[in-house]
Q: 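Got a structure for you, written out below as structure tokens; questions coming shortly.
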Amino acid sequence: MVDESMISQVWKVTNAKNEIFDQARAKYGDTFGLNLARGKWFYFADPEDVKKIFTANPAALHAGKGNEILATALGEHSLLILDESEHMRQRKLLLPSFHGERLAAQTGAMERISEEVVARVPKGESFHVRDMAQDIALEVILEVVLGTASTGAQHDRLGLATRDLLEWISKGYRLALSTIFGPRSRPIKRMYRPALAPLDQGLYGLIAERRQAGDLEERHDILSMLLLARDEDDRPMTDVEIRDELVTLIVAGHETTATALAWALERLTRVDGGAERLHEESLTDETEYARWVSQEALRLRPVLDFVLRRVMEPIEIGGFQFEEGDVLAPSIYLVHRREDIYSDPLAFRPERWDGVKPGTYTWFPFGGGVRRCIGMQFAMAEMEIVMRAVARAGILLPVGPDEPTVSRFITSSPKRGGQVRFAF
Ligand code: HEM
């Protein structure tokens, strides 16, 4: 157990002060515990232990309970919040929306939107990749997830409500308050209510309207697919279930992808010849270097530093016994920095992925097991498409010193949002 006050530990963990993990690992080894509000949290930096956690019986380790801090915003039917059979039911209803053939239809929209947004970037000044990527991610959500036309009052209203909610929940202190009081406590629910209301209103309106649409079968958006989806007992999804999954996709997919892109381009501009290489590749059909850059950014600057599982039945991992109520946290941050897996681990070197396939338990920025991120391919495709669109517009240069990591909502983000500029 790390010997530090509970408040100080909560503050460090919710504010991306990752030195606490480096120091704890140096002192205690690959497994150590933090004494956080609402229980003991144990971190794991050994890939063997991570494998055991990801492949454990989902009844013994609950990810939904581990994620419950998000329940106030996402709702009780959210894929992130549910466990066991209820989780599997929702996951099966959602999975077809993320299949390869669907992705092909979605990437077309991503490409068009990226080109449009990148064209608006002022060429002579510095800009913040995260802001630009958020504009892209938001438009992608409105079109691909919600299926709203790219102009019009409804599109603008939903866009504004989504942007406001995402900005509101991005403040780390709100998460710290939820950790201390509990996400289902009355003060926390009251705190969230006004922030959630405009988006909820917009989404319920859209769901009601789309239920009347006669062309659901022909539509490609995820909302329409969810309206058509049936579970094994042929039951459709309720409005509340659909609302919760839509908010989950919006929250889980927006800030994460934009942050990953901000890190990717912030880091790339500091690699000798990196921006030039991406620029040259972006003028061809090759996508290899863009993929390496994404993989390396997600390794060295993972958007989420750990994933969580709550112990429901006593379980032994790596020689330690864990009891009901303990929280297990496979540490993405620490495993991705292991010297025995990645030579010179603190260096950002996209070419390290040349001929190397990321390992399931040594590279897991999207988590793992039955809970692995449902949007992984979607996010990797969006990263590649946006990076290539930016690189096609010119060669990027760094602005200012290296950006330190700060916390936004549950993500670890570059402090200035990935500030870069074009060389010409
Ligand atoms: C670079 C971008 C992204 C990163 C780094 C990321 C990372 C993650 C991580 C670490 C988890 C938890 C996995 C676990 O507990 O083992 C997760 C879950 C999830 N992500 Fe993502 N994600 C990204 C983008 C997206 C996108 C674009 C979407 C949807 C459009 C999405 C939807 C989800 C959902 C629904 C879950 C819950 C899965 C479940 O519990 O079954 N994510 N993501």
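As the structure lists them, so they are numbered: ligands from 1, and atoms in each ligand from 1.
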Q: Quick one: does Thr248 get an N or O within less than 3.5 Å of an N or O on ligand 1?
A: no
Q: Against heavy atoms of Ala379, which atoms of ligand 1 measure under 4.0 Å?
A: 1 (C), 2 (C), 24 (C)
Q: Is the shortest distance from a Lys or Arg side-chain nitrogen in Arg89 or Glu232 to a carboxylate oxygen in the other one below 4.0 Å?
A: no
Q: Given Arg309, Arg372, Met376, which one has a non-hydrogen atom that is nearest to atom 16 (O) of ligand 1?
A: Arg309
Q: Under 4.0 Å from any heavy atom of Arg91, which atoms of ligand 1 are there?
A: 38 (C), 39 (C), 41 (O)
Q: Check ligand 1 against Leu80 and write out every atom of the ligand that is under 4.0 Å from a heavy-atom position of the residue.
A: 37 (C)
Q: Give the atom numbers and elements of ligand 1 that come within less than 4.0 Å of a heavy atom of Ile374.
A: 32 (C), 33 (C), 34 (C), 35 (C)
Q: Among all protein heavy atoms in this structure, tell me which lies nearest to atom 30 (C) of ligand 1, with the distance rounded to 0.1 Å.
A: Phe98 CE2, 3.8 Å
Q: Please indicate whether His128 has more than 12 foreign heavy atoms, meaning atoms of other residues, nucleotides or ligands, lying under 6.0 Å from its NE2.
A: yes
Q: Please state which protein non-hydrogen atom is closest to atom 11 (C) of ligand 1 and give its distance, to 0.1 Å?
A: Phe366 O, 4.0 Å
Q: Answer side chain, backbone, both or neither: which part of Thr257 comes under 4.0 Å from ligand 1, heavy atoms only.
A: both
Q: If we set the cut-off at 4.0 Å for heavy atoms, which region of Val307 has an atom near ligand 1: side chain, backbone, both, or neither?
A: side chain
Q: What atoms of ligand 1 come within less than 4.0 Å of a heavy atom belonging to Leu79?
A: 35 (C), 38 (C), 39 (C), 40 (O), 41 (O)
Q: Quick check on ring-ring contact (aromatic ring centres under 6.0 Å, His included): which of Tyr28, Phe306, Tyr333 does Tyr43 satisfy it with?
A: Phe306
Q: Using the rule given for side-chain hydrogen bond (donor to acceptor under 3.5 Å, both in side chains), can you reason through Gln154 versus Thr148, listing the C-alpha separation, both sets of side-chain angles and the distance that settles it, and then say yes or no?
A: CA-CA 8 Å; Gln154 186 182 48; Thr148 61; 6.0 Å; no
Q: How far is atom 29 (C) of ligand 1 from its nearest protein heavy atom, and which residue and atom is that?
A: Leu249 CD2, 3.9 Å
Q: Going by the order shown, which atoms of ligand 1 are within less than 4.0 Å of some heavy atom of His87?
A: 39 (C), 40 (O), 41 (O)
Q: Which of the numbered atoms in ligand 1 are under 4.0 angstrom from any heavy atom belonging to Gly253?
A: 25 (C), 26 (C), 27 (C), 28 (C)
Q: Please determine if Arg299 forms a cation-pi arrangement with Tyr342, meaning its NZ or CZ atom is less than 6.0 Å from the six-membered ring centre and no more than 45° off the ring axis.
A: yes
Q: What protein heavy atom sits nearest atom 23 (C) of ligand 1, and how far off is it?
A: Thr256 OG1, 3.6 Å
Q: Starting from atom 13 (C) of ligand 1, which protein heavy atom do you reach first, and at what distance in Å?
A: Arg371 O, 3.2 Å
Q: Is it the case that more than 12 heavy atoms not belonging to Glu313 sit under 6.0 Å from its CD atom?
A: yes
Q: Backbone N or O of Glu86 within a donor-acceptor pair of the Arg91 side chain at under 3.5 Å?
A: no
Q: Under 4.0 Å from any heavy atom of Gly367, which atoms of ligand 1 are there?
A: 10 (C), 13 (C), 14 (C), 16 (O)
Q: Where the side chain of Arg184 meets the backbone of Glu68, is there a donor-acceptor pair that is under 3.5 Å apart?
A: no
Q: Thinking salt bridges, do Asp135 and Arg163 make one under a 4.0 Å N-O criterion?
A: yes
Q: What residue and heavy atom of the protein are closest to atom 7 (C) of ligand 1, and at what distance?
A: Pro365 O, 3.5 Å
Q: What residue and atom, counting heavy atoms only, is the protein's closest point to atom 20 (N) of ligand 1, and at what distance?
A: Cys373 SG, 3.1 Å
Q: Main chain of Phe21, side chain of Asn18: is a donor-acceptor contact present, judged purely on distance under 3.5 Å?
A: no
Q: Please confirm whether the backbone N or O of Gly325 pairs with a side-chain atom of Arg310, one donor and one acceptor, at under 3.5 Å?
A: yes
Q: What protein heavy atom is closest to atom 32 (C) of ligand 1, reported as residue, atom name and distance in Å?
A: Ala252 CB, 3.6 Å
Q: With side chains defined as the heavy atoms from C-beta onward, is the minimum distance between Pro47 and Ile341 less than 4.5 Å?
A: yes
